[in-house]
Chemist: 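Quick one: structure below, then a few questions.
Whatever order the structure lists ligands and atoms in, that order sets their numbers, starting from 1. Here, residue 1 is the first one in the sequence, and each next residue gets the next number.
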Amino acid sequence: MKIKVLAALLALGCAAPAFAAVNQLVIEPNAKGARIPDTMYGLFFEDINYAADGGLYAEKVKNRSFDFTYPLTGWNVFGKVEVRNDGPFEKNPNYVRLSPAGHTDKHTGLDNEGFFGVSFEKGKEYRFSVWARVPDGGKSKVRVELENPESMGEGQDMCAQEIEISGKEWKKYQVMLKPSETVSKGKLRVFLCKPETTVDLEHLSLFPTDTWKGRENGLRKDLVQKLAGLKPGVFRFPGGCIVEGTDMNSRYQWKNTVGPVENRPVNENRWHYTFRHRFFPDYYQSYGLGFYEYFLLSEEIGAEPLPVLNVGLVCQYQNRDKNAHASLDELQPFIDDALDLIEFANGPVDSKWGKLRAEMGHPEPFNMKFIGIGNEQWGPEYPARLEPFIKAIRAKYPDMQIVGSSGPNSEGEDFEYLWPEMKRLKADLVDEHFYRPESWFLEQGNRYDNYDRKGPKVFAGEYACHGKGKKWNHFNAALLEAAFMTGLERNADIVEMATYAPLFAHVEGWQWRPDMIWFDNFRSMPTASYYVQQLYSVNKGDQVVPLKMNGKQVAGNEDQNGLFASAVKEDNGEVIVKVANTGNAPQDLAMEFKGLKKNQGYTSVEITTLHSDNPEAENTLDNQDIVKPVTTTVSIPVSDFKNAPWNVTIPANTFAVYRFK
Ligand code: AHR
């Protein structure tokens with residue numbers, strides 16, 4: 001058998017070291033182990049880095065309803081264009097009036113710059129829609145064009161359509177555009193046609209028809225596919241700090257994100273001014289991707305929805321004014337938001353909010369089981385506000401699982417204060433965050449081994465390894481995340497969910513890095529961290545299996561050769577061993593399966609590795625295969641585990657998943 005293993009290793013490109021000590025791993029597939037929650041590996045979504053507008057949400061028009069603080073942000077106007085504010089949509093009152101330019105050679109109209117350009121692909125279809133009226137009655141006509149600024153002036157119309165507008169009533173019009181060129185930094189242009197008759201335009205929108213599930217108010221298909229590919233067990237939304245807002249006006253209010261998209265008020269995105277070196281004053285939330293869409297997406301990718309709501313506190317980092325928060329006697333509307341949200345997600349169709357869900361297209365409940373209250377809060381002001389939420393939710397929805405927070409830090413004073421508070425308040429889960437350096441990840445493999453088993457469960461709600469000096473998605477950061485995650489897996493009895501953060505970043509519009517998935521206007525790219533998350537989720541297993549190396553938990557301690565390991569089994573009997581070798585030398589592993597029953601054994605093992613010789617290796621949009629798992633087809637027959645261990649060498653700097661069948 002050893003010869004076959006060596007042959008397989010050579011096929012994998014791994015040289016067996018001459019004299020390395022063998023690491024004895026003892027695995028007990030039949031010993032009692034915790035069930036692994038279905039929610040274990042999931043997604044954290046926040047509209048940061050242009051993740052929603054300009055990203056997942058497939059709308060191509062920026063400031064489509066002219067309701068940004070400066071109503072013409074994103075637009076370039078020419079001729080006679082006036083912004084007015086008595087439009088048909090109460091919560092988005094602005095619109096534009098296009099009037100004759102005053103000379104036969106002049107034109108009236110406007111261009112939209114999109115999100116880092118209006119992008120479109122040759123041969124694909126795009127749906128342009130607009131609400132319009134002719135204020136004086138009668139008829140008018142507008143011409144809609146997709147433009148390539150680089151070939152403009154050459155007399156070429158890439159594609160254009162005319163829309164006839166009639167009558168004084170606001171109506172929705174739409175046309176299909178099919179460009180003859182692929183352009184990533186194009187423009188959308190709308191002209192008032194000659195002879196010009198004044199027209200009013202509102203909510204100008206452009207979507208590809210090829211969205212996820214073909215929806216009109218749709219999501220970018222490639223990005224959703226990447227999410228689905230992670231087989232997430234939970235989907236947390238809508239953030240992050242945007243839940244809190246810089247002040248009460250800019251906090252995320254879910255009720256503003258449901259109902260007809262035209263009437264969802266825009267909100268500034270607090271990430272637009274968070275970092276001066278990455279300043280995006282035109283970063284707003286259209287709320288076209290709102291809570292209904294988030295619930296639907298969760299359902300479609302098979303994840304439990306986990307909405308997080310504001311607890312009555314604004315972002316304590318960004319706003320140091322104690323009076324910016326809601327006082328305790330101002331909390332009721334915030335608590336009502338939480339109760340109403342549960343009704344929106346789960347209530348009957350004849351309830352107020354359940355009815356709205358049904359009208360939006362989903363009469364069946366979304367079956368929401370978790371709710372987060374507060375994001376990264378700290379200090380006594382947090383438990384003081386959380387307590388009345390918990391009381392109200394428990395009284396009306398006793399089965400709802402409530403997620404509290406241990407603040408922004410993975411340890412320290414605030415953390416030490418908040419955990420006991422969460423226990424006192426009987427939160428079901430505590431959301432821990434850790435954006436930490438490599439050294440932290442190396443040291444924290446056994447973080448949860450001694451957590452109190454009686455307290456709330458853990459939601460590792462935001463984490464990522466931030467490599468030294470270079471905060472990108474390099475391989476070593478991903479490897480250390482994989483190593484750390486063996487500790488999550490081993491402690492699946494108390495760690496109920498874990499979500500890497502942030503999820504998405506536009507290559508031109510990011511504020512924060514590293515991130516799990518990068519994209520531009522056409523392409524998207526999984527990082528090494530994405531693959532680590534995926535390897536865990538598709539190999540989640542159903543039950544923890546005890547595993548020890550030389551008599552100890554394998555959590556990277558110095559005497560364990562930089563190895564981290566954990567094991568699980570599926571209900572079908574397959575055992576999955578995950579090993580991260582964080583060291584620079586290959587390591588021999590001897591895996592002994594203890595306590596197998598008479599006829600129990602495995603006939604093959606599939607090995608998947610994520611490896612790079614270069615710790616700084618990272619994928620790029622142009623070269624996406626630099627770091628990628630190799631799911632080997634090498635399958636090693638294993639005849640008898642009872643008499644001898646199964647031997648393998650894990651290369652240096654490698655995360656490996658061994659699936660015994
Ligand atoms: O993920 C980015 C930010 O990090 C989140 O918005 C916040 O919760 C944390 O500080």
Chemist: Is Y435 in polar range of ligand 1, meaning some N or O pair under 3.5 Å apart?
Modeler: yes
Chemist: Relative to the heavy atoms of E376, which atoms of ligand 1 are at a distance of less than 4.0 Å?
Modeler: 7 (C), 8 (O), 9 (C), 10 (O)
Chemist: When you measure from the side chain of E387 to the backbone N and O of A384, does any donor-acceptor pair fall under 3.5 Å?
Modeler: no
Chemist: If we only count N/O pairs under 3.5 Å, is E462 in contact with ligand 1?
Modeler: yes
Chemist: Between D222 and R220, is there a side-chain N and carboxylate O pair less than 4.0 Å apart?
Modeler: yes
Chemist: Report yes or no: does R490 contribute a side-chain atom to a donor-acceptor pair with the main-chain N or O of G445 at less than 3.5 Å?
Modeler: yes
Chemist: Which atoms of ligand 1 are found less than 4.0 Å from any heavy atom of N375?
Modeler: 7 (C), 8 (O)
Chemist: Just by distance, with hydrogens left out, do E481 and S529 show a side-chain donor and acceptor under 3.5 Å apart?
Modeler: yes
Chemist: Among F116, W510, F504, which one satisfies side-chain contact (heavy atoms from CB on, under 4.5 Å) with Y50?
Modeler: F116
Chemist: Are any of the N or O atoms of A501 closer than 3.5 Å to those of ligand 1?
Modeler: no
Chemist: Suppose we measure from atom 6 (O) of ligand 1 to each protein heavy atom; which comes out shortest, and what is that distance?
Modeler: E46 OE1, 2.5 Å
Chemist: Under 4.0 Å, heavy-atom basis, I'd like to know which part of W512 is in contact with ligand 1: side chain, backbone, both or neither.
Modeler: side chain
Chemist: Determine which pairs satisfy salt bridge (Lys or Arg N to Asp or Glu O under 4.0 Å) with at least one residue from residues 45-60, sequence neighbours left out, and list them in order.
Modeler: E59-R64
Chemist: Heavy atom of P408 under 4.0 Å from ligand 1?
Modeler: no
Chemist: Strictly under 6.0 Å, is that where the ring centroids of H433 and Y463 end up?
Modeler: no
Chemist: For ligand 1, is any non-hydrogen atom under 4.0 Å from W271's backbone (N, CA, C, O), its side chain (CB onward), both, or neither?
Modeler: side chain
